[in-house]
Every structure is written in structure tokens, then in C-alpha cells.
Amino acid sequence: MADSPALSPASDTGGPSLADISADIRALAASMVTKEDLKALSDTLHAVIRTEVTAIKADIATQACRLQAMEASVQSTTAQAETTNLAITRQGNMLLALRRQAEDLDNRGRRSNIRIRGLPESAGEEDVEATLQTLFREILGTEAPETIEFDRAHRANRARAADNTPRDIVCCLHTYKLKERIMTKARLRPTWRFRDAEIALYQDLSPLTLEARRALRPITALLRERGIPYKWGFPFMLQARHNNEWTQLRWPEEVPRFLQRLNLPPTEVINWILGPVDPRQGPQTPRQQRQRRDATPRRPPARRQLAPTEPEE
């Protein structure tokens with residue numbers, strides 16, 4: 001047999017040679033990332049992160065300083081607001097006390113005054129004192145003194161009404177005792193017949209007191225309906241007797257307690273200290289409220305007018 005032929009380095013299939021594969025392996029190894037490359041990349045990332053973190057820390061420190069400053073400012077503002085609120089509360093209490101004192105002084109100055117409603121006005125000048133002399137003598141009867149002295153007597157200082165309703169007469173008697181005698185007799189009747197007219201006599205009161213009594217009409221109506229006796233006091237208060245005990249009402253915030261102690265249902269009452277509040281204009285004074293109520297398109301409110309009398313005596 002003949003010997004077999006020797007094999008060549010390349011296979012008969014035409015594949016890459018061993019030399020080509022070695023070259024490829026060396027090229028691939030040269031292109032791979034080395035440890036030094038990884039270390040350099042890591043150092044770069046650390047440097048970038050360190051820079052960013054430093055910037056963030058500086059930002060946080062700045063914000064912390066601002067926040068501390070804001071907190072200090074808020075604390076200072078809160079303390080100032082509390083001080084201001086305390087001062088406003090004290091001033092409000094002082095104003096209420098002054099209001100109560102002024103109201104009491106005004107009523108004390110009117111102690112000898114009587115207000116007469118319903119007496120017709122004459123077309124010309126009238127002798128008010130002479131008319132009142134006759135009226136009071138009829139009321140007192142045999143108890144009338146020889147002379148009834150007046151310090152002053154006049155019609156209410158306001159314009160005449162469009163419907164010709166007579167203005168009230170306000171008189172100040174020379175002595176308080178005589179005034180009380182007249183009012184004691186006058187209270188025996190709701191009205192008196194005098195010169196073909198029905199007239200009524202009332203104690204002359206401060207406008208602030210009249211506003212308060214007017215605001216408490218829903219409560220006084222309940223008291224009359226339930227047969228609970230009540231009376232007005234000075235400085236201003238409403239006193240009612242229930243179960244042989246007197247209950248007093250002085251301020252608007254005392255209304256719920258007052259009704260509860262008298263076993264009366266809850267009743268809405270206007271705050272007579274502040275009055276109806278217009279948010280655009282703020283609280284109105286009693287004079288402003290009366291002028292707004294009495295104003296008509298034909299007759300503007302007078303600059304100065306006395307408060308209408310309170311029908312509850």
C-alpha cells in the first residue's frame with residue numbers, strides 16, 4: 001500500500017488559519033478595558049460626585065440659614081401679634097367701660113326729664129310750659145303743687161315729619177322728686193286723654209340705652225308672654241325674677257345664660273354694643289342708625305335729633 005499524504009495547516013474547508021485566530025485574539029485583548037482604565041474612570045466619577053455633593057451641601061447650608069432667619073422672624077411676628085392682640089383687647093375693654101360710664105352719665109343728666117308723646121303741635125308758636133302745667137296738674141290731681149317749675153321745656157329738636165306726626169316734648173323739671181311723683185301717677189295708665197289726644201309719658205333716656213332696649217324687645221316680649229316680672233336698671237341692665245331670684249343681663253354675650261336661667265327658648269338678639277355691621281362701612285353709631293332709618297327721599301335726616309322714646313317703661 002502506498003503511504004497517505006501529509007495534512008496541510010489549513011483545513012480543506014477553507015476556514016481561518018491558526019495565525020489569523022491568534023492575531024484576532026491579540027487585537028481583542030488590546031481593545032479590552034484594563035484595570036488602569038477602570039481606576040481612572042472611577043476617580044473621575046468620584047471627583048464629579050464630590051463636586052456635586054459639595055455644591056448641594058452649600059445650597060442646603062444656605063437654605064438652613066434662610067429657614068432659621070424665617071423662623072426667628074415668624075417667632076418675633078407672633079410675639080408682636082400676641083402683644084398687639086392683648087393691647088387691642090385691653091383697649092376694647094376700656095372703650096366698653098367708657099361707653100358704659102358715658103351712657104350712665106347721660107342718663108343721670110336726664111333723671112329729671114320727662115318725654116311726652118302724642119301732644120298735637122299748633123300751627124304757630126306754642127307755650128309748651130303752660131300746656132305742661134295743665135297736663136301735669138290733671139295727672140297729679142289734688143296732689144299737684146301750687147307751682148310746677150321747669151328748667152326747660154321744648155319740642156324734640158328735629159324736623160317735622162312728613163305725615164304731621166307731632167314731635168315729642170322734652171321737659172326738665174326743677175326737682176327730681178316732683179318728676180318722680182308725676183311719673184308714678186302717669187304709670188297708672190298706658191295713655192292719658194288730654195285735649196282730644198292720646199298722650200303717653202316716658203322717662204327721657206340716653207340714645208345708647210334706647211338702642212339696647214330696642215335690641216332686647218324679643219326677650220322682653222317673651223318675659224311678658226311667660227308672665228315673668230322684669231325691670232330696667234342703671235347702669236344699663238335687664239333684671240328678671242324667676243323662682244324668687246333676680247337674673248341680670250348686662251352684655252350681649254350674657255344673653256344665652258340669661259335665657260337658660262329663665263327657661264326661655266333661644267332667641268336671636270342684635271348685639272346692641274356693635275349694632276348691625278356693614279362689612280364695607282363697619283359698625284354704626286346709634287345716631288347713624290337712626291338717621292339711616294328715618295331718612296326718606298323727600299326729607300333728609302336732620303343734623304341733630306333726639307332719640308325716639310322707648311315705649312317700654
Side-chain angles (χ1 to χ4, degrees), residues 85-111 113-115 117 180 183-184 186-191 200-279 281-290 292-293 306-313:
N85 289 336
L86 181 60
I88 291 175
T89 302
R90 289 178 178 175
Q91 291 175 0
N93 293 335
M94 293 173 61
L95 287 175
L96 289 178
L98 290 173
R99 181 186 189 276
R100 175 60 64 90
Q101 184 178 6
E103 178 184 0
D104 186 48
L105 290 174
D106 193 3
N107 284 321
R108 289 179 184 275
R110 299 169 185 257
R111 293 179 68 216
N113 289 9
I114 298 179
R115 185 175 284 262
R117 173 175 292 176
E180 281 298 299
M183 291 302 299
T184 300
R187 291 189 182 100
L188 297 177
R189 303 181 192 176
T191 59
L201 281 70
Y202 303 109
Q203 169 66 47
D204 189 32
L205 297 172
S206 163
L208 295 176
T209 302
L210 292 175
E211 289 293 331
R213 291 191 179 188
R214 194 173 294 113
L216 290 174
R217 279 177 180 172
I219 293 180
T220 55
L222 278 176
L223 294 175
R224 289 193 297 271
E225 180 182 343
R226 301 292 178 89
I228 300 176
Y230 70 91
K231 63 181 180 179
W232 301 104
F234 297 94
F236 175 79
M237 71 175 71
L238 174 61
Q239 298 174 303
R241 188 174 62 189
H242 183 62
N243 295 332
N244 294 325
E245 292 184 359
W246 286 97
T247 301
Q248 297 179 351
L249 173 60
R250 296 173 179 268
W251 304 101
E253 55 270 18
E254 297 175 353
V255 170
R257 180 188 61 83
F258 182 82
L259 296 175
Q260 184 178 8
R261 293 191 62 179
L262 298 175
N263 296 325
L264 297 176
T267 305
E268 185 177 357
V269 175
I270 296 175
N271 188 319
W272 61 86
I273 300 296
L274 299 178
V277 177
D278 185 345
Q281 299 179 356
Q284 292 183 330
T285 64
R287 182 181 295 273
Q288 291 172 332
Q289 294 173 10
R290 292 195 306 276
R292 183 175 182 180
R293 183 172 57 250
L306 296 176
T309 60
E310 174 66 22
E312 298 173 1
E313 280 289 324

In the structure I gave you, are the side-chain heavy atoms of [X] and [Y] within less than 4.5 Å of one another anywhere?
X: Arg99; Y: Phe236; result: no
X: Leu208; Y: Asn107; result: no
X: Arg110; Y: Leu205; result: no
X: Arg214; Y: Trp272; result: no
X: Leu216; Y: Phe258; result: no
X: Trp232; Y: Leu238; result: yes

| field | Pairing residues for Glu253 by the salt bridge (charged side-chain N to carboxylate O under 4.0 Å, His left out) criterion, not counting sequence neighbours | value |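 So Glu253 forms no salt bridge (charged side-chain N to carboxylate O under 4.0 Å, His left out) with any residue.
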Work out which heavy atom in [X] is nearest to a heavy atom in [Y]; give both atom names and the distance.
X: Val255; Y: Leu249; result: N-CD1, 3.7 Å
X: Ala215; Y: Val269; result: O-CG1, 3.4 Å
X: Ala200; Y: Pro190; result: CB-O, 3.9 Å

| Enclosure of Arg257 CZ (heavy-atom neighbours >12, cutoff 6.0 Å) |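 Yes - once you tally the heavy atoms of other residues, nucleotides and ligands closer than 6.0 Å, there are more than 12.
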| If you draw a 6.0 Å radius around CD in Glu180, do more than 12 non-hydrogen atoms from other residues or ligands fall strictly inside? |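 More than 12 within 6.0 Å, yes.
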| message | According to side-chain hydrogen bond (donor to acceptor under 3.5 Å, both in side chains), who are the partners of Glu254, at least two apart in sequence or on a separate chain? | response |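 Once residues adjacent in sequence are excluded, Glu254 has no partner under the side-chain hydrogen bond (donor to acceptor under 3.5 Å, both in side chains) criterion.
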Which distance, rounded to the nearest 0.5 Å, do you find between the [atom1] of [X] and the [atom2] of [Y]?
X: Thr191; Y: Arg189; atom1: OG1; atom2: CZ; result: 8.5 Å
X: Glu103; Y: Thr209; atom1: CD; atom2: OG1; result: 3.5 Å
X: Leu86; Y: Gln91; atom1: CG; atom2: CD; result: 10.0 Å

| field | Side-chain donor or acceptor of Asp106 paired with backbone N/O of Ala102 under 3.5 Å | value |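 No.
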| Asp104/Arg108 salt bridge by N-O under 4.0 Å criterion |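 Here Arg108 pairs with Asp104 in a salt bridge, since their nearest N and O are under 4.0 Å apart.
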| field | Name of the residue among Arg224, His242, Gln239, Arg241 meeting side-chain hydrogen bond (donor to acceptor under 3.5 Å, both in side chains) with Tyr230 | value |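 The side-chain hydrogen bond (donor to acceptor under 3.5 Å, both in side chains) with Tyr230 is passed solely by Arg224 among Arg224, His242, Gln239, Arg241.
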